[in-house]
Amino acid sequence: MRMYDLIYRKKLGGALSPEEIAFWVKGAADGTVPDEQSAALLMAICWRGMSTEETLALTLAMRDSGKRLDLSSVPGLKVDKHSTGGVGDKTTLILGPIVAACGVPCPMFSGRGLGHTGGTVDKFAAIPGLKVELSEAEFLRSLAETRFANSAQTADIAPADKKLYALRDITATVESIPLITASIMSKKLAGGADALVLDVKCGPTAFMKTLDDATTLAQSMVDVGTAHGMQIRALITRMDAPLGWAIGNALEVMESVEILRGEHGDSELAQMSFRLAAEMLIMGGAANTLPEALAKVQAVLQDGSALATLRRFVALNGGDAEALDDFSRLPQPGQVVEVRAAQDGYIAAIDGRALGILAMDLGAGRRDRDDVLDLGVGIQVQARLGQKVAQGEVLFRVFAKGQQQVTPDLYLAALDWSTTKPVATPWLLGTIGC
Ligand code: URA
């Protein structure tokens, strides 16, 4: 088999066989296929696409490039969640403890942030002492004892994805539906959960900008999961404004804890987290209908058991659980700068991408993979879509390092204004398999 032939055929729009795909993936991972040839094939796939059969074969080859976790020692159906990523998305910190408190084991592997979107691992790292890279034994112990486990992806899960993703990142080949499907689903299948709820983001700040593309990606992942015996459902959710009031790691922990305490229950972030948790409960067999599942979510918020689960998870994995009740124990900023409205009007749009980049520049995110984060910095977004604002009102609180220059105009430029009240758009744009 020659890589040249595979690249040439895909360039012309032909199909690759499962054996050819396995040959490429194995060679990319072990170095026998040169990066130039992998990059050329990735670009050809971006342009020409892949059939469902090819996407399935690519997912399997990537899954089998590494280890598969065996979670069978923990009783019950294990249910995971994956979000395709957005600014201020901290749903894992909220729904993981909720689902676990309702009796459904929730094993999750998360990523570190890069660019304008944050990573769940970095948010958990803001809890002092919490170990965010768990060994397999620690992951299983956490799942058995608290029904919740979250860890950075280990190097031995789908290593071919790590290699290919790094190449995609530098060759402008990330945004391809079959490549995204295989990348996400290979890791999810290797992670060992029985069921998966997907949150596919759609909008100017997300990978998928249009509802058509988001629906195609969601359907592609649902097809692959189903073909491999996984229960799988997808929500398609709007991603334009930041999700919730917090962008930045310690701030996002605070907002998550506030929701687990029962605050901000009407917010889009809370509603989205509760719905995703409810879908997970149905898949895990803890509820039969959506109303029943949502009632269970409310019950564990009200009796405090969801927050207690997060405290137990943090304490078990070396973290300071008291920081969840006393936020002064979390990383702090050097200064807080208020940004006030320069005009009256309604907030018509909030550019999540622009705010994500500003938060990254403050030190809350990585421009380059090796950047070291400041876990205490970030942005408190006071402005709400559709809100009527008077000149002088605080729209943002910028949590910055001590000596950092904060330019209010850069924050104000993330807002669009209207003289009339804008029509609210729903956060839930569609469901697949629900
Ligand atoms: N997240 C992943 O893990 N892989 C992709 O390809 C895109 C988002």
Side-chain angles (χ1 to χ4, degrees), residues 21 24-25 28-29 38-39 41-47 49-50 54-63 65-66 69 80-87 89 91-92 107-123 150-193 196-203 205-209 213-214 216-225 230 232 234-237 239 243 352-353 356 365-366 369:
I21 290 171
W24 166 45
V25 170
S38 286
L41 185 54
L42 287 167
M43 187 55 86
I45 292 171
C46 258
W47 278 100
M50 278 185 141
E54 287 176 291
T55 309
L56 274 170
L58 180 59
T59 309
L60 273 196
M62 285 166 59
R63 179 197 72 182
S65 67
L69 220 61
D80 191 359
K81 187 260 335 178
H82 180 83
S83 161
T84 56
V87 176
D89 186 345
T91 51
T92 296
M108 297 178 122
F109 287 99
S110 304
R112 295 180 194 280
L114 185 63
H116 68 279
T117 56
T120 299
V121 168
D122 302 323
K123 301 172 206 228
N150 190 282
S151 171
Q153 192 85 48
T154 56
D156 49 8
I157 298 268
D161 176 62
K162 198 166 183 203
K163 173 79 200 173
L164 291 176
Y165 195 88
L167 278 177
R168 288 166 62 203
D169 211 19
I170 55 167
T171 55
T173 53
V174 169
E175 279 145 355
S176 148
I177 286 173
L179 294 178
I180 296 175
T181 300
S183 166
I184 292 173
M185 293 306 297
S186 60
K187 289 176 285 197
K188 290 296 161 190
L189 291 167
L196 175 66
V197 175
L198 294 167
D199 174 12
V200 178
K201 302 283 186 201
C202 172
T205 312
F207 277 136
M208 297 295 122
K209 315 279 184 231
D213 281 350
T216 308
L217 175 62
Q219 189 65 59
S220 169
M221 290 196 281
V222 167
D223 289 346
V224 167
M230 194 177 221
I232 180 163
L235 303 187
I236 299 171
T237 63
M239 185 76 235
L243 194 50
R353 184 184 164 81
R366 295 182 186 82
R369 239 165 248 286

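As the structure lists them, so they are numbered: ligands from 1, and atoms in each ligand from 1.
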>> Would you say Asp89 and Ser83 are linked by a side-chain donor-acceptor pair, where the criterion is simply a distance under 3.5 Å?
In response: yes
>> I'd like to know if the side chain of Thr59 and the backbone of Thr55 have a donor-acceptor N/O pair within less than 3.5 Å.
In response: yes
>> According to side-chain contact (heavy atoms from CB on, under 4.5 Å), who are the partners of Leu60, at least two apart in sequence or on a separate chain?
In response: Arg63, His228
>> Using the salt bridge (Lys or Arg N to Asp or Glu O under 4.0 Å) criterion, which residues pair with Lys163? Sequence neighbours excluded.
In response: Asp35
>> Test your reading of the model: is there a side-chain donor-acceptor pair from Ser65 to the backbone of Ala160, 3.5 Å cut-off?
In response: yes
Contacts table for ligand 1: protein N or O within a distance under 3.5 Å of ligand N or O, distances only.
residue, atom, partner, partner atom, Å
ligand 1, 3 (O), Lys187, NZ, 2.5
ligand 1, 4 (N), Ser183, OG, 2.6
ligand 1, 6 (O), Arg168, NH1, 2.9
ligand 1, 6 (O), Arg168, NH2, 2.9
ligand 1, 6 (O), Ser183, OG, 3.4

> Who passes side-chain hydrogen bond (donor to acceptor under 3.5 Å, both in side chains) against Ser38, sequence neighbours left out?
Replying inline: Trp24
